Amino acid sequence: MQIKKKITFTYIALSTLSTLLLSLVVFFLFKQNNQYHFLKRLQDRAKIVASIHYQNDPVKTRYFKEFKANGLEELIDENNYVLKVSGKNTFEYNTDLDLPADFYSKVMVNGSNWIENSNRYFYAQTFTESNQKYIVIITAIDRRGNVSSIYIIQILFFGGLAFILLAYFLGRFLARRVINPVARITDEVKIISASNLHNRLPETKSSDEIGDLTKTFNNMLDRLETSFEIQANFINNASHELKTPVTTIIAEAEIMLLKERNVADYIASLENIHSQASRLGDLTESLLKLTQTGYDGKKQLLDIVRIDELLMDVKSDIDKIYPNNRVTIKIQKIPSDPSLLEIPCNKSLLELSLNNIIANGVKYSDNETVFVTLSANNSSIKISITDIGIGIPAEDIPHLYEPFFRGKKASKYNGYGLGLPLAMKIIRMHNGELLIQSEPDKGTIVNITFNTVNIKNSNVNS
C-alpha cells in the first residue's frame with residue numbers, strides 16, 4: 001500500500017475514533033442533563049403535593065392546586081400518590097404502583113429516591129405531617145427527553161458521517177502535503193546516475209526533516225562524486241604507471257632480439273629490464289597492499305602488539321633501507337601499566353603504515369634528523385613524527401591521500417604516491433586518526449592517534 005493511502009486511512013481511522021468518543025461523551029452528558037432537569041420538576045411537584053396534603057385551610061389548598069396546574073409545566077401521564085408509613089419498615093401499599101421493594105427501602109433510609117423504567121420516572125420522598133410520616137410518589141413520562149435523545153443521536157450520527165467524509169478529503173490533502181516533497185525527491189533522484197553525479201537536489205529553506213534529507217543526500221552525492229573522480233584518477237594513473245615499465249621491458253626485449261649483440265649490450269639490456277621489472281614489482285605490491293586495506297578490519301584476525309616494540313621493529317627496517325638515517329625514538333609519559341601500550345591490530349599492515357610515514361620523513365629530509373615521539377594514557381596512544389625536510393605546500397595537503405598524487409617538490413624523489421594513502425587507510429582501519437601539519441622548507445609533523453577505548457577486542461589472536 002502506498003504511503004499516501006496509509007496516511008489517508010490512518011487519518012480517517014483516528015478521526016472516526018475521535019468522533020465516536022466525542023459523540024458518546026456528548027450523548028451521555030446530554031442524557032444526564034435531561035434526567036437532572038426532569039427529576040427537579042418531579043421534586044417540585046412532590047413538595048407541592050406534600051404541602052396540599054397537610055394544609056387544613058381550604059383557601060391555601062386551592063392555591064397550591066392552582067399553582068400546580070397553572071404555574072408548572074404540564075407533565076405527560078402525571079400521577080401522584082401519598083402513602084402512610086405505619087412503622088419503621090412498613091407503609092400502606094398502593095396496587096397501582098409496581099415498584100421493587102428495594103426502591104421503598106432506599107426511600108425510607110435516604111429520605112428520597114428515583115427510578116426510571118421505559119422513559120417513565122418515579123420520584124419519591126418522605127414528609128411528616130402531625131407527627132405522622134408519609135411517602136409521596138410522583139410519576140410521569142419524560143417524552144420530551146426521549147424525543148430529544150433521539151434527535152441528538154440523529155445529529156451526532158449524520159454529523160459524524162459528514163465529518164468522516166470531510167476527514168477523507170482532509171486526509172488526502174494531508175497525505176499529498178507530506179508525501180509530495182518526498183515524491184519530488186524520488187523523481188529527481190531517479191535521473192541521477194554515474195554519468196551525471198554533478199546534479200544536485202534543489203535545497204529548501206525549511207529546516208524540517210525534508211530539508212535535512214535533501215542536504216544529507218546532496219552531501220552523499222558530493223562524497224560519491226569525489227570518490228568516482230578519485231577512482232577514475234586512480235585507474236588512469238595506475239594504468240599509466242603499470243604500462244610504462246611493461247612497455248619498456250617489451251621494447252628492450254624486442255630490440256635485443258632483432259640481431260646478435262655483444263655481452264656488454266646484453267648486460268646493459270638485462271640491467272634495464274631488471275630495473276623496470278623491479279619497479280613493476282614494487283608498484284604491484286603497493287597496489288595489492290592498498291587493496292588489502294579495503295577489507296573490513298573487524299573481520300580480520302588481530303594481534304595484540306606493544307606499540308613501542310612495533311616502533312623498534314620499524315626502526316630496524318628503516319636501518320636496512322637507509323643505513324645512515326637519523327631516526328630518534330623517544331617515549332614520553334610512560335604509563336605505569338604496560339597494557340596501555342598494547343593495541344589490537346593487523347601487525348604487518350600497521351608496521352607497513354608506520355614504516356611508510358617514517359621513511360618519508362627520512363627521504364624528504366635528505367637523511368636529516370627525524371624525531372618519533374610516543375605517548376599513551378588510559379584512552380589513547382599518540383605517535384608524533386617530526387622531520388625538518390622540504391615540507392609540503394598548503395595547496396598540496398588536501399590531495400595527499402589521493403593515490404599517485406605527488407607534489408612538485410616531491411617529484412624529484414623516487415616514489416609512486418602510494419605510501420601516504422596506504423598509511424592513512426591502514427590507520428583508519430585501526431580506528432586511528434592521521435593529521436599532517438607542514439610548512440615548506442621547514443619540515444612536517446605527522447600526528448597519529450589511536451583511540452584505544454573504541455578499539456574492539458573481538459577477533460583477537462590469543
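This is a predicted model, so every value here is computed, not measured. Computed over heavy atoms, backbone and side chain alike; hydrogens, waters and symmetry mates excluded.
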### Message
Looking at Tyr168, I want to see if its OH is surrounded by more than 12 non-hydrogen atoms of other residues, nucleotides or ligands under 6.0 Å.
### Response
no
### Query
In terms of the angle between their ring planes, are Phe38 and Tyr121 parallel, tilted or perpendicular, with boundaries placed at 30° and 60°?
tilted
### Message
Apply side chain to side chain contact (heavy atoms under 4.5 Å, CB included) to residues Thr328 and Val370 and explain how you reach the verdict.
### Response
CA-CA 6 Å; Thr328 302; Val370 176; over 6 Å; no
### Message
Quiz question: by atom type and distance under 3.5 Å, do the side chains of Ser269 and Glu252 form a donor-acceptor pair?
### Response
yes
### Message
Does Glu395 have more than 12 heavy atoms from other residues, nucleotides or ligands lying within 6.0 Å of its CD?
### Response
yes
### Task
May I have the step-by-step check of side chain to side chain contact (heavy atoms under 4.5 Å, CB included) for Thr386 and Thr444, ending in yes or no?
CA-CA 6 Å; Thr386 306; Thr444 303; over 6 Å; no
### Message
Let's go through Ser112 and Asn110 carefully: what are the C-alpha distance in whole Å and the side-chain angles of both, what is the deciding distance for side-chain hydrogen bond (donor to acceptor under 3.5 Å, both in side chains) to 0.1 Å, and is it a yes or a no?
### Response
CA-CA 5 Å; Ser112 65; Asn110 300 325; over 6 Å; no
### Tyr266, OH atom: more than 12 neighbouring heavy atoms under 6.0 Å
yes
### Summary
Exactly one of Ile448, Ile383, Ile329 clears side chain to side chain contact (heavy atoms under 4.5 Å, CB included) with Leu374, and that residue is Ile383
### Message
Working note: Met312 + Glu309, criterion side chain to side chain contact (heavy atoms under 4.5 Å, CB included); need CA distance, chi angles, decisive distance, verdict.
### Response
CA-CA 5 Å; Met312 294 302 176; Glu309 295 177 355; 5.5 Å; no
### Query
Under 3.5 Å, is there a donor-acceptor pair linking the side chains of Ser384 and Asn447?
yes
### Query
Quick check: are there more than 12 heavy atoms from other residues, nucleotides or ligands sitting under 6.0 Å from NE2 of His399?
yes
### Query
Would Asp313 and Lys347 satisfy side chain to side chain contact (heavy atoms under 4.5 Å, CB included), going step by step from the backbone distance to the final call?
CA-CA 11 Å; Asp313 293 339; Lys347 182 180 178 181; 4.0 Å; yes
### Message
Among Leu270, Asp265, Val263, which residue satisfies the side chain to side chain contact (heavy atoms under 4.5 Å, CB included) criterion with Ile267?
### Response
Val263
### Query
Under 3.5 Å, side chain of Asn377 to main-chain N/O of Ser380, donor-acceptor pair present?
yes
### Message
Would Asn34 and Asp142 count as a side-chain hydrogen bond (donor to acceptor under 3.5 Å, both in side chains) here? Give the steps.
### Response
CA-CA 9 Å; Asn34 272 352; Asp142 184 17; 5.5 Å; no
### Query
Taking everything shown except Arg120 itself, do over 12 heavy atoms lie less than 6.0 Å from its CZ?
yes
### Heavy-atom neighbours of Lys106 NZ exceed 12 at 6.0 Å
no
